[in-house]
Number of protein chains: 2
Amino acid sequence: MRPSMQLQNFASKQTPGRDGGNAVPAHTHTLSGSLELMGAPMSFAKGVEIYGESEPADYLYKVLSGTVRTYRVLSDGRRQIGAFHFPGDIFGLETGGVHLFSAEGTTNVNVIVVRRSSVIAAVARDNELASELWSFTAKELNRSRDHIMLLIKNAQERVAAFLLEMAERVTGNAVELPMSRQDIADYLGLTIETVSRTLTQLEDAATIELPSSRRIVLRNRRALVEMNA
Amino acid sequence: MRPSMQLQNFASKQTPGRDGGNAVPAHTHTLSGSLELMGAPMSFAKGVEIYGESEPADYLYKVLSGTVRTYRVLSDGRRQIGAFHFPGDIFGLETGGVHLFSAEGTTNVNVIVVRRSSVIAAVARDNELASELWSFTAKELNRSRDHIMLLIKNAQERVAAFLLEMAERVTGNAVELPMSRQDIADYLGLTIETVSRTLTQLEDAATIELPSSRRIVLRNRRALVEMNA
DNA sequence: CGGCGCCTTGAACCAAGTCAAGCTCTGTGG
DNA sequence: CCACAGAGCTTGACTTGGTTCAAGGCGCCG
């Protein structure tokens with residue numbers, strides 16, 4: 001069991017303080033934008049569960065700040081992180097009424113919490129939104145399938161893919177990682193030792209620089225891309 | 001490169017012979033049922049490509065008979081099978097206009113071919129269908145995520161999970177596998193040798209019987225379930 | 001009944017995991 | 001301001017599960 005830490009001034013797990021209700025604006029016509037208006041803001045401390053596997057999926061979430069990990073734990077304790085969610089990302093949406101993953105911040109996080117029923121209602125009224133909802137789920141599916149391709153690769157290829165994925169979200173070559181080595185390992189299906197060693201190797205090969213453990217500078221992107229089988 | 005075989009009396013890859021058009025019945029109200037009526041039947045020989053990765057996704061498919069594998073190949077030749085599709089299953093549906101996987105029969109297959117545009121049109125007219133389409137994609141997403149959990153397990157756990165998955169589709173304990181060891185290996189992210197050895201181990205442990213290589217009898221389901229971490 | 005895929009088995013090897021220190025950064029209290 | 005404690009990260013030595021390479025068996029179809 002890994003310890004989970006909790007900070008002052010951040011909520012522990014609870015239901016949203018105020019209810020966003022069904023007050024959907026007539027035609028926002030973007031899923032992400034509509035959610036913002038339908039939901040209530042909420043904060044969670046790093047490592048505090050936002051929702052748990054097999055809990056009713058009455059709410060979905062949009063990240064305002066911070067980073068969220070969604071994950072599953074096998075009976076013997078192995079943890080697999082399904083995805084990291086960054087500001088702007090939506091997570092926690094399920095068709096069935098139940099969450100199949102758990103979610104927590106890898107940092108302190110601010111989210112918008114939206115009632116699932118509000119979204120369902122909005123979508124029933126608005127074809128455009130319905131289509132967006134479908135696209136969103138399909139994109140998640142594609143991401144998940146990419147993740148599968150990741151998991152059949154070797155350690156170096158996985159780490160390279162991870163670095164490129166993280167680098168996609170920033171301009172420039174410096175990446176500030178908002179998660180621990182353990183999180184990276186559990187995302188890539190490796191151990192922290194292997195992740196650490198692989199990063200060191202990449203540094204030795206002058207492919208990356210590691211000014212600090214959470215900060216990585218891509219020196220040779222092409223080399224990383226070429227590792228992606 | 002693995003050889004692909006082609007039989008007489010079965011089509012090689014081509015576009016559908018006749019077009020199902022837009023003749024959607026007023027309110028069939030089941031996605032799968034509607035597709036049947038919208039589409040044209042077609043046959044493909046074992047190992048013949050039904051569609052290829054990065055081709056335009058103008059059609060989607062429903063399996064009538066036989067088994068289909070959808071897969072991706074990495075540049076170095078490693079193949080990952082994303083899913084097997086059995087009679088009744090829909091495959092080839094994409095939100096973007098492009099297939100991200102290839103598809104072929106692991107046996108000779110009969111499918112219904114449906115224009116993507118027809119489905120999109122039907123869904124725009126019918127909220128119920130739209131919702132079903134979303135649920136379908138979400139189910140695929142859940143399957144994909146389960147597949148990820150598979151890939152972090154050890155060989156025995158993967159094979160056990162595979163056997164249980166195959167057994168789900170039949171009544172009784174005898175399973176006739178419609179795919180080769182190579183297909184199983186590429187689905188589980190293992191080698192054929194490891195799959196073969198693991199099956200032998202399970203037979204030695206009296207968990208299964210192997211009357212022939214394609215026929216497997218589950219002798220001790222509980223043992224298989226317990227392997228599923 | 002002969003040949004060719006497909007499958008199984010064996011032996012050697014290797015990439016990643018495990019176990020065990022030790023290091024580094026960060027925050028805390030003296 | 002510095003000493004200390006603890007968490008997180010790195011590194012080293014060793015082990016191991018699964019792959020690789022190689023050979024042989026089985027069964028199906030012509």
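Chain identifiers are assigned alphabetically (A, B, ...) following the order of the sequence lines, protein sequences preceding nucleic acid strands; residue numbering begins at 1 within each chain. All heavy atoms count here, side chains included; hydrogens, waters and symmetry mates do not.
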Checklist outcome for this item: Taken to the nearest whole Å, CZ/B/Arg78 to P/C/dA15 is 13 Å
Checklist entry - Of the nucleotides D/dT20, C/dT8, D/dG12, which has the atom closest to the B/Ser213 side chain? => result C/dT8
Checklist entry - So, does the side chain of A/Arg214 form a donor-acceptor pair with the base of D/dG8 at under 3.5 Å? => result no
Item to check | Plane angle bin for B/His99 and B/Tyr51 - parallel if under 30°, tilted between 30 and 60°, otherwise perpendicular | outcome: parallel
Checklist entry - In whole Å, what is the span from the CG atom of A/Asp183 to the P atom of D/dA7? => result 16 Å
Item to check | d(CZ, B/Arg79; C1', D/dT19) in whole Å | outcome: 18 Å
Next on the checklist: On the side chain of B/Gln182, is there an atom forming a donor-acceptor pair with the base of C/dC7 - under 3.5 Å, no angle test?
Outcome noted: no
Checklist entry - Start at the 5' end of DNA chain C and walk down; is the nucleotide closest to B/Ile192 or to A/Arg158 reached first? => result B/Ile192
Next on the checklist: Rounding to an integer number of Å, can you tell me how far B/Leu188 CG sits from D/dG17 C1'?
Outcome noted: 16 Å
Checklist entry - Out of C/dT8, C/dC19, D/dT20, which has the shortest distance to the side chain of B/Thr200? => result C/dT8
Item to check | Pair A/Arg214 + A/Glu176, salt bridge at N-O below 4.0 Å | outcome: no
Item to check | Gap between atoms CG and P, on B/Leu199 and C/dT8 respectively (whole Å) | outcome: 7 Å
Checklist entry - Is there a donor and acceptor pair closer than 3.5 Å between the side chain of B/Arg197 and the base of C/dG10? => result yes
Checklist entry - Separation of B/Asn154 atom CG from D/dT16 atom C1', in whole Å? => result 12 Å
Item to check | Value in whole Å for how far the P atom of C/dG17 lies from NZ of B/Lys153 | outcome: 17 Å
Item to check | Residue A/Ala155, side-chain atoms from C-beta onward, closest of C/dG10, D/dT10, C/dA16 | outcome: C/dA16
Next on the checklist: Any base atoms under 4.0 Å from B/Thr194, or only sugar-phosphate, or nothing? Heavy atoms, all strands.
Outcome noted: base
Next on the checklist: For A/Phe91 and A/His85, take the angle between the two ring planes, folded into 0 to 90°, and tell me which bin it lands in: parallel under 30, tilted 30 to 60, perpendicular over 60.
Outcome noted: parallel
Checklist entry - Just how far, in rounded Å, is P of D/dT11 from CD of A/Gln201? => result 11 Å
Checklist entry - Using a cut-off of less than 4.0 Å, is there contact between a side-chain N or O of B/Thr191 and OP1 or OP2 of D/dG18? => result no
Checklist entry - side-chain hydrogen bond (donor to acceptor under 3.5 Å, both in side chains) between A/Lys139 and B/Thr95: does it pass, once the steps are laid out? => result CA-CA 8 Å; A/Lys139 244 175 241 146; B/Thr95 31; over 6 Å; no
Checklist entry - Is it true that A/Glu140 and B/Arg145 have a side-chain N and a carboxylate O under 4.0 angstrom from each other? => result yes
Next on the checklist: So A/Ser196, base contact, sugar-phosphate only, or nothing? Heavy-atom distance under 4.0 Å.
Outcome noted: base
